[in-house]
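Presented below is the structure to which this report refers.
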Amino acid sequence: MRTKEQFLMLFVLGGMMLAGLTACSGDDDTATNDNAPQTADDGVKVRRLTITEADGGAAEARQSLTRASLTEDDGLTAKWTAGDALTYCNLSRVNQGNSEAPYSGGLTAASTAATSQFTGNVTCSAGDYLAVVYPAATFTTNSQYTIALSGQDGTLAGLATRFHYVYGKAQVTSVTDAAADATMPKMKSLLTVCKFSFVDKATNEAIPIKSLSISYGGNGSDAGKYPQTATVAIGANTDQADVHATGAAGGSEALTVTCSTAQDAVYVALLPTAAARTFSFSVSDGSNTYNGTAKATLTEGEYVAATGLKLTKQQ
């Protein structure tokens, strides 16, 4: 678990990025030719699809963080829960969705484990590429989707089920008249999970956190602001490793985390940074406000413990 000193020293955490597909995922990463001849068995239709997620082993599970149960015994523990709801988007079916055969829909995790199979009724044919996302999202196009950053409550449970965004790209490997199979690498996390706690700079006493506001510092155009949403660009020709969350432009507010009761520490999902950034913090304990800054480079898919950051009480 990282210390505050590491956070203040512009740490750069090495994330594990997964590129490419498994050996059974097919050849070149290109979209399906929709004009190619199709038989009754490999045509585009609704089938019961099973996606198998490749198991990269314990070390990879700790770093790529799939859907996290977010316990602190060994950083974060990656684990799906049976019944977790995901969403798919068929990246190869460009603008072909309709009410009878939509190009997006729901999937369900089959087991409680670090890796799981996912099942659902999917409009597809052999060779199609599918975007798979958690938490469940709404696709309006098959080129990008939007994720929310606002509304976080600072708890592990809330972060795990609402803000621990992960992405996977699967390929349909075989079909029958009623069923299909697909494979994909272990899904990747899009954000950085941070644990924050603070102390009064004058007294070195812990500050109970009733609310926390986070914004970018410095003198740039985004100083004092933080994106409330982010977009994720996807596509049939985009490798899973090349998919990232990009903060939406505009807005004039900090990202505010509101706790139901005062907490010793809060957990927040933040956007990765391409380089070191200054972050501004404003903490309220319900009666007093404390302010301060720290610098860090945040890496996609990592867990950062920044504890005991010093803030100044406002008079």
Side-chain angles (χ1 to χ4, degrees), residues 1 15-16 18 22 48-89 104-122 130-139 145-149 151-170 179-195 230 232 234 240 243 245 257 259-260 263 265-270 300-305:
M1 186 166 293
M16 182 170 290
L18 292 174
T22 58
R48 188 66 178 176
L49 179 79
T50 299
I51 299 176
T52 300
E53 187 185 27
D55 188 347
E60 182 179 306
R62 285 196 297 273
Q63 295 191 53
S64 61
L65 296 183
T66 314
R67 188 274 206 206
S69 57
L70 296 174
T71 60
E72 289 193 272
D73 54 349
D74 186 21
L76 299 185
T77 301
K79 180 178 288 186
W80 292 100
T81 299
D84 279 342
L86 301 90
T87 307
Y88 84 89
C89 174
S104 64
L107 297 169
T108 303
S111 59
T112 299
T115 60
S116 177
Q117 290 186 329
F118 310 105
T119 60
N121 294 321
V122 176
L130 311 176
V132 181
V133 304
Y134 179 89
T138 299
F139 289 96
Y145 65 101
T146 301
I147 62 177
L149 296 168
Q152 300 186 56
D153 65 2
T155 66
L156 289 171
L159 198 158
T161 56
R162 295 179 57 205
F163 297 97
H164 195 83
Y165 296 102
V166 294
Y167 174 84
K169 181 181 178 182
D181 292 310
T183 61
M184 70 178 175
K186 194 172 187 65
M187 297 176 76
K188 59 174 286 183
S189 297
L190 297 174
L191 303 181
T192 305
V193 174
C194 301
K195 175 186 178 180
V232 183
I234 56 178
Q240 176 173 311
V243 172
V257 176
C259 306
S260 58
Q263 305 292 323
V266 296
Y267 300 83
V268 187
L270 296 177
E300 184 179 74
E302 284 287 355
Y303 173 54
V304 176

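Remark: the backbone N or O of Gly168 is not paired with any side-chain donor or acceptor of Gln240 at under 3.5 angstrom. With Thr87 contributing its side chain and Val133 its backbone, the two residues share no donor-acceptor pair below 3.5 Å. A distance-only check finds a donor-acceptor pair linking the side chain of Thr112 to the backbone of Ala82 [under 3.5 Å]. At least one donor-acceptor pair under 3.5 Å links the side chain of Lys188 to the backbone N or O of Val243. At least one donor-acceptor pair closer than 3.5 Å links the side chain of Tyr165 to the backbone N or O of Ala148.
Scanning for ring pair (Phe, Tyr, Trp, His ring centres under 6.0 Å) contacts around Tyr167 gives an empty result, with sequence neighbours left out. By the ring pair (Phe, Tyr, Trp, His ring centres under 6.0 Å) test, Tyr145 pairs with Phe139, sequence neighbours left out.
Annotation: the span from Leu191 atom CG to Ile147 atom CD1 amounts to 4.5 Å, rounded to 0.5 Å. Atom CZ of residue Arg162 and atom CD of residue Gln152 lie 8.5 Å apart, to the nearest 0.5 angstrom. From Ile51, atom CD1 reaches atom OG1 of Thr183 across 9.0 Å, with rounding to the nearest 0.5 Å. With rounding to the nearest 0.5 angstrom, the CZ atom of Phe118 is 11.5 Å from the OG1 atom of Thr50. We find the CG-CH2 distance between Leu86 and Trp80 to be 4.5 Å, quoted to the nearest 0.5 Å. Here the straight-line distance linking atom CG of Asn121 with atom OG1 of Thr108 works out to 9.5 Å at 0.5 Å rounding.
Residues Ser189 and His164 have side chains in contact (heavy-atom distance under 4.5 Å, counting atoms from C-beta outward). Inter-residue side-chain proximity for Thr81 and Thr161 is flagged as unmet; no heavy-atom pair is nearer than 4.5 Å.
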Show your reasoning for whether side chain to side chain contact (heavy atoms under 4.5 Å, CB included) applies to Lys195 and Tyr303.
CA-CA 8 Å; Lys195 175 186 178 180; Tyr303 173 54; 3.7 Å; yes
Applying side chain to side chain contact (heavy atoms under 4.5 Å, CB included) to Met184 and Lys169, what does each step give before you reach the verdict?
CA-CA 6 Å; Met184 70 178 175; Lys169 181 181 178 182; 5.8 Å; no
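When all heavy atoms are compared, the tightest approach of Thr155 to Gly158 is OG1-N, 3.0 Å. The minimum heavy-atom distance between Ile234 and Ala131, with the atom names listed, is CD1-CB, 4.0 Å. When every heavy atom of Ser116 is checked against every heavy atom of Ala110, the shortest pair comes out as OG-N, 3.2 Å.
With no hydrogens or angles considered, no side-chain donor-acceptor pair links Glu302 and Thr192 at under 3.5 Å.
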